[in-house]
Amino acid sequence: MSLNLLDSRYFPSFDELPYDNDLNEDFFQAGPSGVYAPSHHWAYLGEITEDATMKLGSSISPFGLRIESMSGVQVLPFKLQDLLDANGEDNRITLDNKSICSQCSAKDSKLVCARCRAPYCSKDCQVTHWNTSHKATCRRRSILNTWKARDWTTFNNFWNVRMRS
């Protein structure tokens with residue numbers, strides 16, 4: 001699945017989120033016994049814009065987004081726009097399925113960043129890219145790659161979203 005952070009089916013805006021006790025069929029479906037359960041995974045992407053202490057069961061938005069379990073919350077250490085920008089970057093793959101170096105755009109690059117899998121044609125290009133811009137984007141791309149590897153289309157159980165450093 002191609003991950004698009006602007007797809008409201010998987011990343012709804014605050015206004016599109018289902019309400020408590022809401023049987024919104026965009027997010028829930030009836031099972032064989034008639035009990036409604038989530039039909040797929042979705043995530044609300046918001047930005048905390050002021051210094052706030054978060055406590056279990058507290059609200060992180062003036063509109064009342066309530067957190068019942070921290071295991072389903074992932075606070076990312078960068079701005080929402082930076083995450084959206086990282087999602088918009090191409091994957092550096094040509095039509096003939098060859099990797100393009102993230103630094104110099106050479107085709108058929110064989111090296112990759114260990115964290116985010118960005119391709120490189122040489123160690124020199126990787127070091128140069130790290131020092132000029134990649135250091136700032138690597139973590140965001142790594143998180144996006146983790147999200148891309150998940151199946152958002154079906155729901156079997158809630159994900160534990162604890163993030164590695």
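Side chains are part of it too, since the values below use all heavy atoms of this structure and drop only hydrogens, waters and symmetry mates.
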Q: With the side chain counted from C-beta on, respond yes when W152 and D7 share a heavy-atom pair under 4.5 Å apart, and no when they do not.
A: no
Q: What's the separation between atom CD1 in I100 and atom OG in S109, rounded to the nearest 0.5 Å?
A: 8.0 Å
Q: In the single-linkage hydrophobic clustering (I, L, V, M, F, W, Y; side-chain heavy atoms under 4.5 Å), do L111 and V127 co-cluster?
A: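 Shared cluster, no.
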Q: Roughly how far, to the nearest 0.5 Å, is CD of Q103 from NE2 of H134?
A: 11.0 Å
Q: Answer yes or no: is there a side-chain heavy-atom contact under 4.5 Å between W147 and Q74?
A: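 In contact.
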Q: Roughly how far, to the nearest 0.5 Å, is the NE2 atom of H41 from the CH2 atom of W159?
A: 4.5 Å
Q: Are the aromatic rings of Y120 and W130 close, with centres under 6.0 Å apart?
A: no
Q: Where do K148 and L3 come nearest, in terms of heavy atoms and distance?
A: CG-CB, 3.5 Å
Q: Is any side-chain heavy atom of L17 less than 4.5 Å from a side-chain heavy atom of N24?
A: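 Contact flag for L17/N24 side chains = no.
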Q: Give, for atom NZ of K79 and atom CG of D85, the distance between the pair rounded to the nearest 0.5 Å.
A: 11.0 Å
Q: So which heavy atom on A118 is nearest to which on S102, and how close?
A: CB-OG, 3.7 Å
Q: Is the shortest heavy-atom distance from the side chain of F27 to the side chain of H40 under 4.5 Å?
A: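 Counting from C-beta outward, F27 and H40 do come under 4.5 Å.
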Q: For a quick test of reading the model, state the closest non-hydrogen atom pair linking Q126 to V112 and the distance between them.
A: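 Where Q126 meets V112 most closely, the heavy atoms are NE2-O, 4.0 Å.
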Q: Within 45 degrees of the ring normal and closer than 6.0 Å to the centroid, is that where the cationic atom of R140 sits relative to F78?
A: yes
Q: How long is the span from the OG1 atom in T137 to the CG atom in D82, to the nearest 0.5 Å?
A: 10.0 Å
Q: Once the angle between the rings of W42 and F28 is folded into 0 to 90°, is it parallel (under 30°), tilted (30 to 60°) or perpendicular (over 60°)?
A: perpendicular
Q: Measure across C116 and C138 and return the closest heavy-atom pair with its distance rounded to 0.1 Å.
A: CB-O, 3.6 Å
Q: Given the rule that I, L, V, M, F, W and Y join up when any side-chain heavy atoms are under 4.5 Å apart, are F158 and Y36 in one cluster?
A: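 No: no chain of side-chain contacts under 4.5 Å links F158 to Y36.
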Q: Please report the interatomic distance CD(Q29) to CZ(F155), rounded to the nearest 0.5 Å.
A: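 Going from CD on Q29 over to CZ on F155, the span is 11.0 Å.
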Q: Can you see which heavy atom on S8 is nearest to which on E16, and at what distance?
A: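 Taking every non-hydrogen atom into account, CB-OE1, 3.3 Å.
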Q: For T154 and D151, which heavy atoms make the closest approach, and how far apart are they?
A: OG1-OD2, 2.9 Å
Q: Within a reach of under 6.0 Å around CD of E25, are more than 12 heavy atoms found that belong to other residues, nucleotides or ligands?
A: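 Atom CD in E25 is not crowded, with 12 or fewer foreign heavy atoms closer than 6.0 Å.
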Q: Is there side-chain contact between L5 and L144, with heavy atoms separated by less than 4.5 Å?
A: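 A side-chain contact under 4.5 Å exists here.
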